[in-house]
2 protein chains.
Amino acid sequence: MTRTHEKVGDLPEGGYDVPTTPGEAAARVEQALKFLDGRWKLEILFQLFGGRVQRFSELERAIPDVSQKMLIQQLRGLERDGIVRRVVYPEVPPRVEYALTEWGQALCPALDALLRWAAVRGALPVS
Amino acid sequence: MTRTHEKVGDLPEGGYDVPTTPGEAAARVEQALKFLDGRWKLEILFQLFGGRVQRFSELERAIPDVSQKMLIQQLRGLERDGIVRRVVYPEVPPRVEYALTEWGQALCPALDALLRWAAVRGALPVS
DNA sequence: CTGTATCCCGTACGATACTG
DNA sequence: CAGTATCGTACGGGATACAG
């Protein structure tokens, strides 16, 4: 594994069922964003992108200022939503590893689109 | 139908300056998402996508359950961030129109990417 | 029609202490 | 190492009333 995601962009190339009303479309995007909603979720995701697998303590060190409580809480949320996978090794001392699911990896192109959007701020006429 | 953004995708095709660290990338996406953060902003955006210009009262009617206070508040935020443009006509009775700026229109591909991501939920192996 | 001004409340988050 | 438990607070957002 640890397939980086050079080709993740090609998922259902044919298209997906298109929202019919503005309200419906908004609701779907809102639901998608709800998965990402949380002070530390994006930090976690970017730490895990590219197939990187990390232990709890590694994440804790990689993300300055996050508390144990918050790190766990956000990881639990991501796990419950099927974005992050948690693997426990029955050892002493305990060892737990976190990685993205395939769906989690599929987030990459979407976040990149947001990055691009943010990047053109100011490069466009005031309109 | 309502393929709102057939050709909006071509912005700075060459690429944008790429974040170097996970933390930096996360911070940029967080900032982008902060612009969209607000209970009614996505609803408003989808009402305005495709170049549709709408009056305050039209938006109020188009978005059920939104209060005047919240509608104004969210519109003010979008305006301050350069996503929405507000045009006042000095008439009696007052008339105000809202539309997306070019940058606001440029959001379309990014939101569409999120839509696609949400759409593949379940179509991917549990990993 | 297009807004302002208050009051109120739930909740996400931080700080801190404790545990198998 | 990898969590759990508890308390305190800031803030987004709903309800309502008022105004140019």
Side-chain angles (χ1 to χ4, degrees), chain A residues 23 26-27 29-45 47-48 52-81 83-100, chain B residues 23 26-27 29-48 52-81 83-99:
Chain A
V29 174
E30 264 162 45
Q31 231 237 322
L33 289 181
K34 206 158 70 75
F35 293 138
L36 310 179
D37 193 32
R39 175 72 183 80
W40 303 99
K41 290 200 181 144
L42 286 172
E43 292 260 13
I44 293 170
L45 289 177
Q47 287 294 333
L48 260 27
R52 282 210 305 246
V53 178
Q54 310 226 157
R55 305 183 49 164
F56 183 83
S57 54
E58 288 177 306
L59 287 172
E60 205 175 355
R61 256 175 289 110
I63 307 176
D65 300 337
V66 73
S67 68
Q68 286 188 330
K69 172 200 165 187
M70 287 312 296
L71 184 53
I72 284 288
Q73 183 175 309
Q74 308 284 290
L75 281 168
R76 290 275 191 271
L78 291 170
E79 189 193 359
R80 213 176 346 262
D81 293 335
I83 296 171
V84 157
R85 186 176 16 127
R86 177 174 179 266
V87 182
V88 182
Y89 297 85
E91 305 173 355
V92 176
R95 178 163 137 242
V96 180
E97 288 186 347
Y98 293 90
L100 292 177
Chain B
V29 175
E30 264 162 46
Q31 232 239 320
L33 289 181
K34 206 157 70 75
F35 292 139
L36 309 180
D37 194 32
R39 176 73 183 80
W40 304 99
K41 288 195 182 152
L42 285 174
E43 291 261 12
I44 293 171
L45 289 177
F46 276 96
Q47 287 294 334
L48 262 27
R52 282 209 305 247
V53 178
Q54 310 223 163
R55 304 184 49 165
F56 182 83
S57 53
E58 288 178 306
L59 286 171
E60 205 175 355
R61 255 176 289 110
I63 306 176
D65 301 336
V66 72
S67 67
Q68 287 188 331
K69 173 200 165 186
M70 287 312 296
L71 185 53
I72 285 288
Q73 183 175 310
Q74 308 284 292
L75 281 168
R76 290 276 191 271
L78 290 169
E79 190 193 358
R80 214 179 346 264
D81 294 336
I83 296 172
V84 157
R85 187 176 14 129
R86 178 172 177 265
V87 182
V88 182
Y89 297 86
E91 305 172 356
V92 176
R95 176 163 138 243
V96 181
E97 287 185 349
Y98 293 90

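Here is the naming used below: chain letters follow the sequence lines, and residue numbers restart at 1 for every chain.
Among the atoms of the strands shown, none is found under 4.0 Å from any heavy atom of B:S67. Among the atoms of the strands shown, only primed sugar atoms or phosphate atoms (P, OP1, OP2) are found under 4.0 Å from some heavy atom of A:Q74. The residue B:Y89 sits apart from the nucleic acid: no heavy atom pair falls under 4.0 Å.
By the 4.5 Å heavy-atom criterion applied to side chains, A:V66 and A:L59 are not counted as neighbours. Inter-residue side-chain proximity for A:L42 and B:L33 is flagged as met; some heavy-atom pair is nearer than 4.5 Å. Between B:R76 and B:Q73 the shortest side-chain heavy-atom distance does not fall below 4.5 Å. Side-chain contact between B:R86 and B:L75 is absent, with no heavy atoms from C-beta onward closer than 4.5 Å.
Of all heavy-atom pairs between A:L100 and A:R85, the closest is O-NH2, 3.2 Å. The minimum heavy-atom distance linking A:Q74 with A:W40 is given by the pair OE1-N, 3.2 Å. Annotation for B:E30 and A:E43: closest pair OE2-CG, 3.9 Å, computed over non-hydrogen atoms.
Contacts between chain A and DNA chain D, taken as any atom within less than 4.0 angstrom of a protein heavy atom, begin and end at D:dC1 to D:dT6. The outermost nucleotides of DNA chain C lying under 4.0 Å from heavy atoms of chain A, listed 5' to 3', are C:dC13 to C:dG20.
Toward the 5' end of DNA chain C, the nearer of the two residues B:P94 and A:P94, judged by each one's closest nucleotide, is B:P94. Positionally, the nearest nucleotide of DNA chain C for B:V88 lies more toward the 5' end than for the other of B:V88 and A:D37.
No side-chain donor-acceptor contact under 3.5 Å links A:R55 to the backbone of A:V96.
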